[in-house]
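Each remark here refers to the structure printed beneath this line.
Atoms within a ligand are numbered from 1 in the order they appear, just like the ligands themselves. Small disclaimer: the values here were computed from a predicted structure and weren't measured. These values consider heavy atoms only, across backbone and side chains, with no hydrogens, waters or symmetry-generated copies.
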Amino acid sequence: MANKIQAIKGMNDLLPIAQKDFPITASFWQAFEQLTIQWLHDYGYQYIRTPILEPTGLFVRSIGEETDVVGKEMYTFDDYGESLSLRPEGTASCLRAAVEHNLLYNAPQKLWYTGPMFRHEKPQKGRYRQFHQLGVEALGFAGMDTDAEIIAMCADLWKRLGIANQVQLELNCLGNKEERLSHRAALVAYLQENQAILDEDSLRRMHTNPLRVLDTKNPALQEMANQAPRLADFLGEQSRQDYEQLKNILNALNIPFIENPRLVRGLDYYNATVFEWTTTALGAQGTICGGGRYDGLIEELGGKPTPSIGFAMGIERLLLLVQATGSLKTIENADVYAIYSGTDAMIPLLQAVQNLRLQNIAVRTHGADQKLAKQLQRADASGARFALIVGQDEAASNSVTLKDLRGDKGQVTIPAAELLNQYQQWTEC
Ligand code: ATP
Ligand code: MG
């Protein structure tokens, strides 16, 4: 036998069954998608879909050359002379499309997207090379009401998924460009004073992305990071006021948060509000959703200045959490399991089945490969509520048998034309 070919490490198949190292099933994922479509509709967001490949320059310019995502994790290749990359996140593409198609001409936009993202990271639980995000972008909204609304929107989703008490909101304010630059100068000076104790990552980031040094997970550097100059002390009046206002609105909406002055996020384009939703239930991969303001990014990508804010959640991480502790219901079972025996019964059965399906009744079929009794066992195991049976006798008399597999209704044999009536009677009560 030939060797089996296996999927790329860190890229998962989504299957009808749970896998040992990837327990999320396709129907669970679909239940999530159904729920989120309603949720996004409730908040007035419109769907947008962009290509998975983009010119590499889009990500370099938006996410930033010195970030881990662009510097180390992107899948980039030469396409006959043009450098292309698999998208590592969704915001850049979404804004590229909004600018390219003039969506923002005198009209703010609330957009959402979902789909696979690609990062060449070390695969582990909750960290994959192909993973999926769902994100929203509110483009052309300057006020803190929008910041509060999109945070409230997340809080609402956690409730709908039954994980509200498993997650916490971390919040920070990154200020504007000038404020960040003056803080950066003070920070670099401080890091230089402490150069002797810095690890390799921190030494590299000291000049490229010093704020990220404060985000270090290295226990030996925590004290140094705690004592470092704080961005909060460099914020001007407007930034401070905005941040206070956002916290006031969140309090008024009963959304608890933790201020984390060291929260910086991994992408360069953020300013002012940044936030993350984290959990302790998933081990090291604890961030299920992150977002913030990116007021300068649309201009950076060739559009007019457009204050904007968005977030993206990692669907795999979120669903691992929902599966472990949440309450998302999956609709897996069919309403009816249809079985027949004998060639004469095949067409009457298929006619009856199609009539049920026209009424949005879910029917599963399996062909007459076994005796009726065996097929009935299979119907029972399927979880369907009813069995629809057409045997030789039914076929001869143009009738069908409906059998209640879960309740106490027993079974009836009725003219085929009365099937729908009978089904409705039995399901109404
Ligand atoms: P982390 O710090 O965990 O690497 P990040 O800051 O790189 O996350 P973002 O770029 O903000 O993540 O992406 C938003 C969300 O997408 C994350 O909060 C996480 O839930 C998810 N995510 C990011 N990278 C991965 C990955 N490699 N595998 C699975 N989910 C991911
Ligand atoms: Mg990352």
Side-chain angles (χ1 to χ4, degrees), residues 7-12 14 21-24 29 32 36 59 62-64 66-75 85-95 112-137 150-151 154 157-158 161 163 166-172 174 201 205 209 211-218 260 262-270 273-294 297 309-324:
I8 298 165
K9 217 169 160 228
M11 303 203 179
N12 296 299
L14 180 67
D21 51 0
F22 191 70
I24 304 164
W29 194 293
F32 170 74
T36 50
F59 303 116
S62 52
I63 300 171
E66 304 294 351
T67 57
D68 285 353
V69 172
V70 168
K72 300 198 292 198
E73 298 169 358
M74 219 151 57
Y75 284 92
S85 293
L86 286 168
R87 62 181 183 197
E89 58 105 55
T91 300
S93 312
C94 191
L95 301 202
W112 74 274
Y113 61 85
T114 188
M117 307 294 161
F118 303 85
R119 296 184 194 177
H120 195 270
E121 302 195 70
K122 191 163 161 262
Q124 52 201 288
K125 184 184 165 204
R127 189 176 292 287
Y128 309 107
R129 289 181 173 174
Q130 174 176 322
F131 62 100
H132 295 72
Q133 287 185 337
L134 186 161
V136 312
E137 317 290 356
I150 76 161
I151 290 174
C154 295
L157 180 62
W158 314 145
L161 293 169
I163 53 162
Q166 296 293 329
V167 293
Q168 62 178 31
L169 171 62
E170 295 184 30
L171 194 62
N172 192 18
L174 296 182
D201 260 355
R205 287 176 173 154
N209 200 347
L211 264 181
R212 275 297 257 189
V213 178
L214 301 186
D215 204 25
T216 177
K217 305 277 184 310
N218 183 346
N260 176 357
R262 278 163 51 185
L263 179 67
V264 294
R265 317 259 316 112
L267 316 174
D268 270 0
Y269 49 63
Y270 289 108
T273 310
V274 286
F275 61 91
E276 283 189 355
W277 291 91
T278 57
T279 178
T280 51
L282 290 179
Q285 270 53 254
T287 307
I288 56 163
C289 176
R293 261 197 180 274
Y294 45 86
L297 184 54
I309 179 165
F311 63 71
M313 60 188 74
I315 299 181
E316 284 86 351
R317 279 189 207 173
L318 178 60
L319 291 187
L320 287 171
L321 180 64
V322 175
Q323 196 162 53

With heavy atoms of [X] as the reference, note each atom of ligand 1 found under 4.0 Å away.
{"X": "A312", "value": "14 (C), 15 (C)"}
{"X": "G314", "value": "15 (C), 16 (O), 20 (O), 21 (C)"}
{"X": "I288", "value": "18 (O), 20 (O)"}

For ligand 1, the portion of [X] having any non-hydrogen atom under 4.0 Å away:
{"X": "T287", "result": "both"}
{"X": "R127", "result": "both"}
{"X": "Q133", "result": "side chain"}

Please name all residues satisfying ring pair (Phe, Tyr, Trp, His ring centres under 6.0 Å) with Y128, sequence neighbours left out, ordered by chain then number.
-> F22
How long is the straight-line distance from [atom2] of [Y] back to [atom1] of [X], given to the nearest 0.5 Å?
{"X": "N172", "Y": "L263", "atom1": "CG", "atom2": "CG", "result": "5.5 Å"}
{"X": "W277", "Y": "C154", "atom1": "CH2", "atom2": "SG", "result": "6.0 Å"}
{"X": "R212", "Y": "L214", "atom1": "CZ", "atom2": "CG", "result": "11.0 Å"}

Check each of K217, E316, R119, E89 against atom 12 (O) of ligand 1 and report the one with the nearest heavy atom.
-> R119
Is R317 in contact with ligand 1, taking contact as a heavy-atom separation below 4.0 Å?
-> yes
Sorted by chain and residue number, the salt bridge (charged side-chain N to carboxylate O under 4.0 Å, His left out) partners of R87 (sequence neighbours excluded) come out as none
N or O pair under 3.5 Å between E276 and ligand 1 | no
Expected output: side-chain E276 to main-chain T278 donor-acceptor under 3.5 Å =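 No, the answer is negative, given that no donor and acceptor are paired below the 3.5 Å cut-off.
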In plain terms, say whether R205 and D68 are close enough for a salt bridge, that is, a side-chain N and a carboxylate O under 4.0 Å apart.
->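 Answer for the salt bridge query: yes.
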